[in-house]
Amino acid sequence: MNRNKFRMPARRLATVATATALAAGPAALAGAGSAHATGEHGRASAVVLRTGLDVSLLNKTVNVPLAVTLNEVQAPQTAEKTALTATLEGVDGGQPFTVLRADVARAAATATAEKAEGSTELVRARMHVPGLPLLSLIEVEQVTAKATCEAGKTPVAASNVLGTVTVLGKRVTLTSGGTTDVNVPGVGEVRLDLSERETTSRTAAATALELTVAVNPLKLNVAEVQGTVTLAKATCESPVAPAAQQSPDGVEPQGAAAEDVNLAETGGNSMTPYIAGGALALLVAGGGAVVMARRGSRN
């Protein structure tokens, strides 16, 4: 028996083998990539007020951390909060101490597969710390912060301080994007960092006001307050782009002829995944017709 009669040329064998393997390829690849077919949701957060203060009472015999947040939200878990006051227990003779009160205090965060966004707004707000019940640490007319991250676009961070700002009873003039120091003898010192914004390729963060506080009224050590205060902060992280829109670098052109893919002669190497990817596109575009044409010519 002439065995050569049934032997298919190596080049033709490679073509048929490639077409056969790729015939099941699209379904398998679709199943493997379904988890990322629509991309992943982004992330966003916003907070109206966050304090990291240490309060020392009665000549530092009692130390109380003043850690307060107002209207802190995160997406995709939560959407919006609008509470107008923040209080603290245990520093005012057992009575609730109002840290912040505002006419408007809103924080919102949203996240989808296309865009993530955090935003916050604070209007006509007054903040107090223990030891200064009648004098506001800071008063603001309006502050806002917003961070927006869209898939495939550069993230954007924006913050604004509108109207007047009063610190420890003194009206201050703020420098955009700079630092302002306020020193009130017999009361304390406050450093203000205005409109901080940071962005990367996938994230953004905006803070309207960041305060560094050192307050000790009349240096009596009745209530000494030190630490930081954040007013109006928003952050975001871009959604992950759908896998279908991502392509690896170095892919071969999709118009290559089927005969150029000779697996029997070349074997596997570092370019095999990319070659297979190009052959898959070729099959969809008409690789089946190439196989049928070869069968017709053989007859």
Side-chain angles (χ1 to χ4, degrees), residues 36-52 67-82 100 102 104-123 125 127 138 140-163 165 172-181 190-213 227-249:
H36 302 285
T38 59
E40 296 181 2
H41 282 48
R43 298 181 182 275
S45 70
V47 63
V48 168
L49 166 72
R50 180 184 292 119
T51 68
V68 177
T69 61
L70 177 64
N71 297 343
E72 184 172 23
V73 294
Q74 295 181 349
Q77 287 79 14
T78 59
E80 184 172 354
K81 290 183 180 179
T82 58
L100 184 135
V104 176
R106 182 191 66 85
T110 60
T112 67
E114 290 77 33
K115 181 174 72 172
E117 186 173 82
S119 64
T120 183
E121 180 183 23
L122 186 61
V123 178
M127 180 181 177
I138 186 170
V140 297
E141 287 193 17
Q142 184 179 13
V143 294
T144 63
K146 187 175 184 179
T148 304
C149 298
E150 294 189 54
K153 296 184 179 180
T154 301
V156 178
S159 59
N160 289 290
V161 179
L162 307 173
V165 176
V172 298
T173 301
L174 301 177
T175 303
S176 178
T179 299
T180 301
D181 292 316
V190 177
R191 169 169 289 188
L192 295 91
D193 291 306
L194 173 68
S195 298
E196 296 182 333
R197 297 178 291 270
E198 296 180 1
T199 59
T200 68
S201 60
R202 287 192 57 205
T203 65
T207 302
L209 280 172
E210 188 85 19
L211 285 68
T212 303
V213 179
T228 61
V229 174
T230 299
L231 288 177
K233 182 173 183 177
T235 70
C236 64
E237 181 180 349
S238 297
V240 176
Q245 298 177 3
Q246 300 176 352
S247 59
D249 295 334

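Keep in mind the model is a prediction, meaning the values are calculated, not measured. Hydrogens, waters and symmetry mates play no part in the numbers below; they use all other heavy atoms, side chains included.
The line from NE2 of His41 to OG1 of Thr112 is 6.0 Å long, rounded to the nearest 0.5 Å. Taken to the nearest 0.5 Å, the CG atom of Leu194 stands 6.0 Å off from the CG atom of Leu209. Going from atom CD of Glu198 over to atom OG1 of Thr207 covers 8.0 Å, rounded to the nearest 0.5 Å. Atoms CZ and SG, on Arg202 and Cys149 in that order, are 8.5 Å from each other to the nearest 0.5 Å. A distance of 10.0 Å separates CD of Glu80 from OG1 of Thr120, quoted to the nearest 0.5 Å. If you take CG on Leu100 and CE on Met127, they are separated by 7.0 Å, rounding to the nearest 0.5 Å.
Residue Arg43 qualifies as open at atom CZ: its count of foreign heavy atoms under 6.0 Å is 12 or below.
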**OP:** Check step by step if side chain to side chain donor-acceptor pair (under 3.5 Å) holds for Thr148 and Glu117.
**Re:** CA-CA 5 Å; Thr148 304; Glu117 186 173 82; 2.7 Å; yes

Original post:
For Ser45 and Glu72, what are the C-alpha separation, side-chain angles and deciding distance, and is it a side chain to side chain contact (heavy atoms under 4.5 Å, CB included)?
Top reply: CA-CA 7 Å; Ser45 70; Glu72 184 172 23; over 6 Å; no

**OP:** List the steps, then state whether side chain to side chain contact (heavy atoms under 4.5 Å, CB included) holds for Leu49 with Val229.
**Re:** CA-CA 7 Å; Leu49 166 72; Val229 174; 3.7 Å; yes

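In this structure, the side chain of Thr51 engages the main chain of Val68 through a donor-acceptor pair within 3.5 Å. Here the side chain of Thr230 pairs no donor or acceptor atom with the backbone of Glu210 at under 3.5 angstrom.
Between Gly118 and Ala234, the closest heavy-atom pair is O-CB, 3.3 Å.
Using modelled atom types and a 3.5 Å distance limit, the side chains of Thr144 and Glu121 yield no donor-acceptor pair.
Ionic pairing of Glu150 and Lys115 is not present here: no N-O contact between side-chain nitrogen and carboxylate oxygen is shorter than 4.0 angstrom.
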